[in-house]
Amino acid sequence: MITYKIENDLSAAEFKEVLINSTLGERRPINDQEGLKKMVKHANLIAAARYHGKLVGVSRAMTDFSFCTYLSDLAVDLDFQKRGIGKELIRLTKLAAPEAKLILLAAPNAISYYQKIGMSQFEHCYLLDDIDHLEPVQNDNLVQQQ
């Protein structure tokens with residue numbers, strides 16, 4: 001039997017293991033222990049799925065509990081996929097912040113999954129990975145932050 005609950009104190013080691021055991025580990029910094037610790041520490045809404053105590057699924061999100069919830073990671077162990085675990089983790093995440101819109105970026109292989117479970121798809125998304133790619137402000141009145 002799978003049990004679900006909000007676990008905002010999830011360990012980085014368990015988080016890493018479920019990332020590796022799912023396909024999400026290919027797109028996350030699993031070899032950066034400090035980075036993983038920060039990812040878990042600074043998320044403010046983590047839902048976990050466990051099978052006999054073992055973490056088999058996780059939803060890691062950041063939310064203001066009012067306007068938006070950004071679901072950054074949804075990972076389910078490959079041995080436990082196709083059992084509704086991902087959908088239940090999304091449901092639990094949404095229920096924890098019911099007023100907020102739940103937003104996520106889908107991995108290419110997961111696009112059809114999110115459509116199938118009833119989420120709406122939008123085509124506009126922007127990413128800034130490197131601050132040097134941001135166009136400089138051209139304003140003489142600009143005050144620099146100290």
Side-chain angles (χ1 to χ4, degrees), residues 1-51 53-137 139 142-143 145:
M1 181 162 149
I2 307 293
T3 58
Y4 299 88
K5 73 176 196 174
I6 301 299
E7 291 189 29
N8 289 328
D9 58 350
L10 190 70
S11 77
E14 278 190 305
F15 180 56
K16 177 181 179 175
E17 183 177 350
V18 79
L19 290 176
I20 290 169
N21 292 339
S22 74
T23 61
L24 200 54
E26 301 164 4
R27 293 176 300 286
R28 295 296 182 268
I30 58 172
N31 294 320
D32 178 3
Q33 187 65 23
E34 287 306 308
L36 289 173
K37 285 180 184 177
K38 288 178 186 177
M39 289 169 71
V40 173
K41 177 182 176 184
H42 296 293
N44 65 345
L45 180 53
I46 298 176
R50 293 184 180 275
Y51 179 74
K54 179 187 179 193
L55 185 69
V56 296
V58 67
S59 164
R60 187 181 72 87
M62 282 71 65
T63 185
D64 58 19
F65 295 98
S66 177
F67 181 70
C68 68
T69 298
Y70 174 63
L71 178 53
S72 179
D73 299 308
L74 180 67
V76 177
D77 186 310
L78 286 168
D79 291 338
F80 290 84
Q81 290 184 3
K82 303 202 184 304
R83 298 184 192 185
I85 294 171
K87 187 168 32 173
E88 184 60 18
L89 288 168
I90 290 171
R91 189 183 78 75
L92 190 59
T93 301
K94 177 65 175 156
L95 286 172
E99 297 172 16
K101 289 177 180 50
L102 191 134
I103 303 162
L104 63 82
L105 296 175
N109 292 341
I111 292 170
S112 64
Y113 169 76
Y114 294 113
Q115 291 172 336
K116 182 179 83 174
I117 67 168
M119 294 184 76
S120 302
Q121 182 179 9
F122 291 85
E123 70 177 278
H124 303 291
C125 170
Y126 295 89
L127 171 75
L128 179 64
D129 195 32
D130 184 336
I131 192 67
D132 292 331
H133 295 158
L134 187 63
E135 195 63 30
V137 176
N139 184 344
L142 182 67
V143 177
Q145 279 187 323

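Position 1 is the first residue of the sequence; numbering continues from there.
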Closest non-hydrogen atom pair, [X] against [Y]:
{"X": "Gly57", "Y": "Val18", "value": "N-CG2, 3.8 Å"}
{"X": "Asn44", "Y": "Phe65", "value": "ND2-CE1, 3.8 Å"}
{"X": "Leu89", "Y": "Ala75", "value": "CD1-O, 4.5 Å"}
{"X": "Ala61", "Y": "Thr93", "value": "CB-CG2, 4.2 Å"}
{"X": "Leu55", "Y": "Ala48", "value": "CD1-CB, 3.6 Å"}
{"X": "Gly53", "Y": "Glu14", "value": "O-OE2, 4.3 Å"}

Residues Phe122, Ile103; criterion side chain to side chain contact (heavy atoms under 4.5 Å, CB included); working and verdict
CA-CA 10 Å; Phe122 291 85; Ile103 303 162; over 6 Å; no
Pairwise side-chain contact, [X] with [Y], heavy-atom cut-off 4.5 Å (strictly under):
{"X": "Val56", "Y": "Ile2", "result": "yes"}
{"X": "Leu19", "Y": "Leu36", "result": "yes"}
{"X": "Lys54", "Y": "Glu17", "result": "yes"}
{"X": "Asn21", "Y": "Phe80", "result": "no"}
{"X": "Leu105", "Y": "Cys125", "result": "yes"}

Would you say that more than 12 heavy atoms from the other residues, nucleotides or ligands in this model lie under 6.0 Å from the [atom1] of [X], or not?
{"X": "Asp130", "atom1": "CG", "value": "yes"}
{"X": "Tyr4", "atom1": "OH", "value": "yes"}
{"X": "Lys94", "atom1": "NZ", "value": "yes"}

Let's go through Lys87 and Ile85 carefully: what are the C-alpha distance in whole Å and the side-chain angles of both, what is the deciding distance for side chain to side chain contact (heavy atoms under 4.5 Å, CB included) to 0.1 Å, and is it a yes or a no?
CA-CA 5 Å; Lys87 187 168 32 173; Ile85 294 171; over 6 Å; no
Quick one: pull up [atom1] in [X] and [atom2] in [Y] and give me the separation to the nearest 0.5 Å.
{"X": "Met39", "Y": "Asp73", "atom1": "CE", "atom2": "CG", "answer": "4.5 Å"}
{"X": "Leu74", "Y": "Tyr113", "atom1": "CG", "atom2": "OH", "answer": "6.0 Å"}
{"X": "Asp77", "Y": "Ile20", "atom1": "CG", "atom2": "CD1", "answer": "11.0 Å"}
{"X": "Ile90", "Y": "Thr69", "atom1": "CD1", "atom2": "OG1", "answer": "12.0 Å"}
{"X": "Leu102", "Y": "Arg91", "atom1": "CG", "atom2": "CZ", "answer": "13.0 Å"}
{"X": "Arg28", "Y": "Leu24", "atom1": "CZ", "atom2": "CG", "answer": "4.0 Å"}

Verify, without hydrogens or angle tests, whether Ser59 (side chain) and Ile46 (backbone) share a donor-acceptor contact under 3.5 angstrom.
no
Derivation of the side-chain hydrogen bond (donor to acceptor under 3.5 Å, both in side chains) call for Arg50 and Thr3:
CA-CA 5 Å; Arg50 293 184 180 275; Thr3 58; over 6 Å; no
Could you go through the side chain to side chain contact (heavy atoms under 4.5 Å, CB included) check for Met119 and Leu104 one step at a time?
CA-CA 10 Å; Met119 294 184 76; Leu104 63 82; 3.7 Å; yes
